[in-house]
Novice: 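Sharing a structure, written as structure tokens. Questions coming.
As the structure is a computational prediction, the values presented were derived from the model and not from experiment.
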Amino acid sequence: MRRLTVASLRAAEAVALSIGRRPWKIDKFNRLIQPDVLAAVKEIRSARVIVGIPFHREAGNIAALVEKTQRDLESRLQDAAIVIIGEFRTRSVLMEAALPPSIDGVKIVTFFKPAGFAQRPGLSRRSWSHWAILHVANRLGADVVFIDADVRNSQGWVNQHLDAIQYRGASLAVASYVRRFDEDDAIVHIWDRMIFGAVFRKWIAFRHGGDYAISHKLLPGILDDVSIMRERAYTMDSAVMTHVVRRGGHIESVWLSAKEHEPITPLNVFNRLQHLVHSVFDDVDSHLPLVLTLSRKAALVPLEEIPTIPASHMRDLIGPRFRQDLHHDMATRFRAAADDIRQTLGVAAFERFAEIANQTPAERVVLSPRHWSNATIRFLAHYVRTRERTRKNRLARACVPVLEAGMLAFLNRTYDLTYAEAFLCLDTEYLPVFQHTWETLSRRLVLYRLALLRRWPVRAASRLGKAIRRLPRLLSRNLQAGSPMHK
């Protein structure tokens, strides 16, 4: 094996992985969903716009959402359709919902994912519903808009997304809105916004928001990109945005004011953070050759102007108890991951975060942008350098209290500001520091990548061998009863 050229190993490895891993699963889903996709296309016949709504159990909101969306689409005077994809196990919930009927120019179509492709939580999540909707839109050559099924104030959203796509030439339109901290996952989006802005040099407000639009011109490339449905995806919109950034596409933020939906408890938000770290760090790891070649002389990410809206003070969005809950969760997770934090950050930084974990009250926690960025980017660098999945899991777990400590300090810093002033602070005081820290550490990652090239043939041969050993087992699963090999 050592005598084989790097090119030969790379080709052989690609063949083995395409048979035994994700592309096989995607092909299976495509095959199973194709009759439903073709039936939906036949029923719709023609459309310039597809609005996709992945449905789980939002029975109390789906009818009102469809009615509002239907009115928005009717006002555009374009042939359109609303495609609702339900879960196989909960199909009776959607079937019993009193949806509005189709009208001239706006069809309403529903179908369900195949058994075995349910929406799972956490790192095993895959956006199969979105994937099926993309197939429908691609066959019709239509722009596609996604809206979460639990959104209560979606009036005008479809038009605002489509204006960016159809009139201003955006490849991707991403929703930007005010989110609460105590009843929503604002901290998820703020942290992701900083990391993605610092590394990819694109300022995207809500990469995991669920409400976004894609130009029909991008759909063939997206459906050919198996990384969109990668195993450890947090949500598909983040992977789509990475796809667009890699190809130099134009991404436009669409201001939608506030987003009203079912409240999310702080505990649920905190439990999402490890999945978030995995997803964002995996984005960087998967596209490291790209991010390392981005010009270090490029201008800073342009600041996004946030319109002034009533009742948008940070204290109102944070709530009375959220900072205390965040601090308690940070301290608990810090103690559980103390060894990994000390090993990754060193004694001085470890003591700094230990002091924050033990400090009371939570309102007095202070952490400078420099110390927060140094700790975060150091975790990211360790994550990229290790190839062991177990080690990556431990790093993501240990990074969560660092994320929470930095967010708590940011909330204390901006508590008396308006929402717009707080995000201006984020843009001017935090993002440049994260960018500088990433640029400094990324120079070391270039040397690390060069060192990896010397060991690549041996590693590739090992991975190829493992894939080949799995191949008979994977093939045996697909043999139908009564086939020649079973007789």
Side-chain angles (χ1 to χ4, degrees), residues 54 56-58 118-130 146 148-151 174-196 204-212 229-242 259-285 317-319 321-334 336-337 340 372 376 379-380 383 389 392-408 410-411:
H56 303 289
R57 293 180 177 272
E58 301 87 351
Q119 184 82 329
R120 296 185 174 88
L123 295 180
S124 59
R125 169 182 290 183
R126 285 184 173 192
S127 300
W128 294 115
S129 297
H130 295 76
F146 290 109
D148 286 341
D150 63 343
V151 177
V174 185
S176 177
Y177 23 50
V178 174
R179 283 186 181 265
R180 294 189 63 88
F181 293 84
D182 56 345
E183 297 179 355
D184 206 343
D185 54 357
I187 63 172
V188 166
H189 300 288
I190 290 176
W191 186 84
D192 174 59
R193 173 175 170 145
M194 277 197 304
I195 301 300
F196 199 79
I204 299 175
F206 293 99
R207 243 181 13 124
H208 299 101
D211 308 302
Y212 59 105
M229 295 294 286
R230 64 194 187 279
E231 184 73 31
R232 304 179 70 81
Y234 183 74
T235 54
M236 196 181 79
D237 50 349
S238 64
V240 170
M241 293 169 202
T242 303
K259 181 176 182 177
E260 300 174 7
H261 60 91
E262 287 294 326
I264 305 174
T265 66
L267 180 60
N268 285 339
V269 173
F270 301 151
N271 288 337
R272 292 182 182 184
L273 295 180
Q274 184 172 338
H275 306 319
L276 169 72
V277 173
H278 265 297
S279 174
V280 176
F281 283 7
D282 271 346
D283 268 350
V284 180
D285 193 15
L317 301 172
I318 295 171
R321 285 285 312 168
F322 181 76
R323 288 184 291 175
Q324 292 86 340
D325 293 340
L326 180 61
H327 183 258
H328 175 76
D329 192 77
M330 179 267 167
T332 302
R333 294 177 188 271
F334 177 84
D340 290 321
W372 189 17
T376 302
F379 268 106
L380 172 58
Y383 189 97
R389 181 51 60 181
K392 287 180 181 290
N393 291 339
R394 294 174 65 94
L395 288 168
R397 171 173 167 263
C399 187
V400 171
V402 172
L403 183 163
E404 293 178 312
M407 283 306 311
L408 178 57
F410 171 74
L411 295 181

Novice: OG1 of Thr265 to CD of Glu183: how many Å apart, nearest 0.5 Å?
Specialist: 10.5 Å
Novice: Roughly how far, to the nearest 0.5 Å, is CG of Leu395 from NE2 of His278?
Specialist: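 So the gap between those two atoms works out to 9.0 Å.
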Novice: Please examine the side chains of Phe181 and Ile190, heavy atoms only from C-beta on, and report whether any two atoms are closer than 4.5 Å.
Specialist: yes
Novice: Any sub-3.5 Å donor-acceptor pair from Ser279's side-chain atoms to His275's backbone N or O?
Specialist: no
Novice: Let me confirm one number: the CG-CG distance from Leu276 to Asp185, rounded to the nearest 0.5 Å.
Specialist: 9.0 Å
Novice: For Asp340 and Ala398, which heavy atoms make the closest approach, and how far apart are they?
Specialist: CB-CB, 3.8 Å
Novice: Let me see the working for Val277 and Phe379 under side-chain contact (heavy atoms from CB on, under 4.5 Å), right down to the final yes or no.
Specialist: CA-CA 10 Å; Val277 173; Phe379 268 106; over 6 Å; no
Novice: Just by modelled atom types, is the Leu267 backbone N or O under 3.5 Å from a matching donor or acceptor in the Asp325 side chain?
Specialist: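 Answer holds: no.
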Novice: Would you give the length of the straight line joining atom NZ of Lys392 to atom CZ of Phe281, rounded to the nearest 0.5 angstrom?
Specialist: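 If we round to the nearest 0.5 Å, Lys392:NZ and Phe281:CZ are 10.0 Å apart.
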Novice: Restricting to non-hydrogen atoms, name the atom on Val402 and the atom on Trp372 that form the minimum distance, rounded to 0.1 Å.
Specialist: O-NE1, 3.3 Å
Novice: Just verifying a value: how many Å separate Asp184 CG and Asn268 CG, rounded to the nearest 0.5 Å?
Specialist: 11.5 Å
Novice: Does the Arg397 side chain pair with the main chain of Ala336, one donor and one acceptor, at a distance under 3.5 Å?
Specialist: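 Yes, Arg397 side chain to Ala336 backbone: donor-acceptor pair under 3.5 Å.
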Novice: Go through Thr376 and Trp191 one step at a time and tell me if the side-chain contact (heavy atoms from CB on, under 4.5 Å) criterion holds.
Specialist: CA-CA 10 Å; Thr376 302; Trp191 186 84; 3.9 Å; yes
Novice: Starting from the C-alpha separation in whole Å, work towards a yes-or-no answer on side-chain contact (heavy atoms from CB on, under 4.5 Å) for Met194 and Phe410.
Specialist: CA-CA 12 Å; Met194 277 197 304; Phe410 171 74; over 6 Å; no
Novice: Dump the intermediate steps for side-chain contact (heavy atoms from CB on, under 4.5 Å) on His130 and Tyr212, then the final yes or no.
Specialist: CA-CA 11 Å; His130 295 76; Tyr212 59 105; 3.5 Å; yes
Novice: So, taking the atom named CD1 in Ile187 and the one named CD1 in Ile318, what distance separates them when rounded to the nearest 0.5 Å?
Specialist: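 Here the interatomic distance stands at 11.0 Å.
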Novice: Can you check whether Phe270's main-chain N or O pairs, donor with acceptor, with Arg333's side chain at less than 3.5 Å?
Specialist: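 Judged by distance alone, yes, a pair lies under 3.5 Å.
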Novice: Should the heavy atoms of other residues, nucleotides or ligands under 6.0 Å from CZ of Arg323 be counted, would the total exceed 12?
Specialist: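 Yes - once you tally the heavy atoms of other residues, nucleotides and ligands closer than 6.0 Å, there are more than 12.
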Novice: Are Val188 and Arg179 close enough that some pair of their side-chain heavy atoms sits under 4.5 Å apart?
Specialist: no
Novice: Are Asp182 and Arg321 ion-paired here, with the side-chain N under 4.0 Å from a carboxylate O?
Specialist: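 Salt bridge between Asp182 and Arg321, a charged N being under 4.0 Å from a carboxylate O: no.
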Novice: Return the minimal non-hydrogen interatomic distance between Asp211 and Asp148, and the atom names on each side.
Specialist: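 For Asp211 and Asp148, the tightest heavy-atom pair comes out as OD1-N, 3.0 Å.
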Novice: Do you know which two heavy atoms are closest between Met330 and Glu404, and how far apart they sit?
Specialist: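 That closest heavy-atom pairing would be CA-OE1, 3.1 Å.
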